[in-house]
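Below you'll find the structure, written out as structure tokens, and then a few comments.
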Protein chains: 2
Amino acid sequence: MELDDVDWKLLDLLQRDGRMTFTELAKRVSLSAPATTERVRRLEQAGVVTGYAAVVDPQRLGLPIEAIVRVRVRSLDTPRFRERVVTMAQVRDADHVTGDDCWLLRVVCRSMVELEGFVEQAQRYGDTTTSLVFSSHVRNRPITREVVDGIVYR
Amino acid sequence: MELDDVDWKLLDLLQRDGRMTFTELAKRVSLSAPATTERVRRLEQAGVVTGYAAVVDPQRLGLPIEAIVRVRVRSLDTPRFRERVVTMAQVRDADHVTGDDCWLLRVVCRSMVELEGFVEQAQRYGDTTTSLVFSSHVRNRPITREVVDGIVYR
DNA sequence: GTTGAAAGCAGGAGGGT
DNA sequence: ACCCTCCTGCTTTCAAC
């Protein structure tokens, strides 16, 4: 799919404010509302935009602990690991990656004791390495045209 | 802030569909539209909901490579690392964490060559460990009441 | 919390370039 | 293919309760 300036502008606006109305979007890209709606629908149907989500602050919800748990899952145990650990509600991200620690989990917890319990579960499927998150400096940074067009390395 | 069943239901709905209209939300929680709007505004002002975002698929945008780069940044170099690496457009997440690898970056790239270039930049500030993402099994899983109320470990 | 009216928005039809 | 304007029906918002 080919994206022009307007599509990129729309992607940028919607990544920053997913609830912006089509009328407002239309103003920002200097098009009529129907034309704007049409473009957004095309982005959705092309699978470029896969959805919209409210961004929630775990801290404010009583989840002060955030951690990255790396798990070196034994390959035979992978199905059970996926069923019994990856599915746990504390797991916000789970990626299968290359390297020794083949799974990377981002976890939120109410307390260190709960994190301890989580890690104990994960340990059943392989060795773990846990890092506590001090601070998140970037979260879900919008993807901009410069990344895709490679204006980054000049 | 105290959240009741309705607030949790709204949080759940909005985390899954950030563009759901207030009238639709109202139907789902069996309240009037103004009452529903009022509750969502309260969640926003309390900082529980920090925003709304379109979810975009990097693959469809010509960014087939996703990687986790761990960087053991020398403490004296941290300010420059934050300025010159964390700010790069390829960086979607950046967390400062405990442990030897004190920074964790989630990066998207057009090619392995570009990733190589990125890692070379990061290397200037400390040793790096790079893992390529095979597949993401969970991304930004909604935070539900069970996590916060701890129904998970019974 | 509710209702109800006014203003604003979304989505279709039809037409122009 | 792409965009426009107009029109209808929803959605949002505000006031009054």
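So that the names make sense, note that chain A is the first sequence line, chain B the second, and so on, each numbered from 1.
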So, does B:Arg41 get its side chain near the phosphate of D:dT13, meaning an N or O under 4.0 Å from OP1 or OP2?
yes

side-chain contact (heavy atoms from CB on, under 4.5 Å) with B:Val71: of B:Asp77, B:Val86, B:Asp101, B:Leu105, only one passes, and it is B:Leu105

Using a strict cut-off of less than 4.0 Å between a Lys/Arg side-chain nitrogen and an Asp/Glu carboxylate oxygen, indicate whether B:Arg41 and B:Glu44 qualify as a salt bridge. yes

Exercise for review: May I ask you to evaluate whether A:Thr23 reaches the phosphate of C:dA10, defined as a side-chain N or O under 4.0 Å from OP1 or OP2?
Suggested key: yes

Think A:Arg39 has a side-chain N or O under 4.0 angstrom from the OP1 or OP2 of D:dC3? yes

Check: Checking salt bridge (charged side-chain N to carboxylate O under 4.0 Å, His left out) for the pair A:Asp5/A:Lys9: CA distance, chi angles, key distance, verdict?
Finding: CA-CA 6 Å; A:Asp5 295 16; A:Lys9 183 72 186 161; over 6 Å; no

Taken to the nearest whole Å, CG/A:Leu25 to P/C:dG11 is 12 Å

Checking C:dG12, D:dT13, D:dC3 against the side chain of B:Thr37 (C-beta onward), the nearest is D:dT13

Whole-Å distance, B:Glu24 CD to C:dA10 C1', equals 15 Å

Assert: residue with more 5' nearest nucleotide on DNA chain D, out of A:Arg19 and A:Ser30, is A:Ser30

Rounded to whole Å, CE of B:Met20 lies from P of D:dT12 at a distance of 11 Å

Whole-Å distance, A:Glu38 CD to D:dT5 C1', equals 16 Å

Per atom distances to the A:Phe22 side chain, the nearest of C:dA10, C:dT2, D:dC3 is C:dA10

B:Pro34 has its side chain closest, among D:dC2, D:dC4, C:dT3, to C:dT3

Whichever of A:Lys27 and B:Ala35 has the more 5' nearest nucleotide on DNA chain C, that residue is B:Ala35

For this session: Could you tell me whether B:Arg70 and B:Asp127 have a side-chain N and a carboxylate O separated by less than 4.0 Å?
Result: no

Checking C:dG1, C:dA10, D:dC4 against the side chain of A:Leu31 (C-beta onward), the nearest is D:dC4

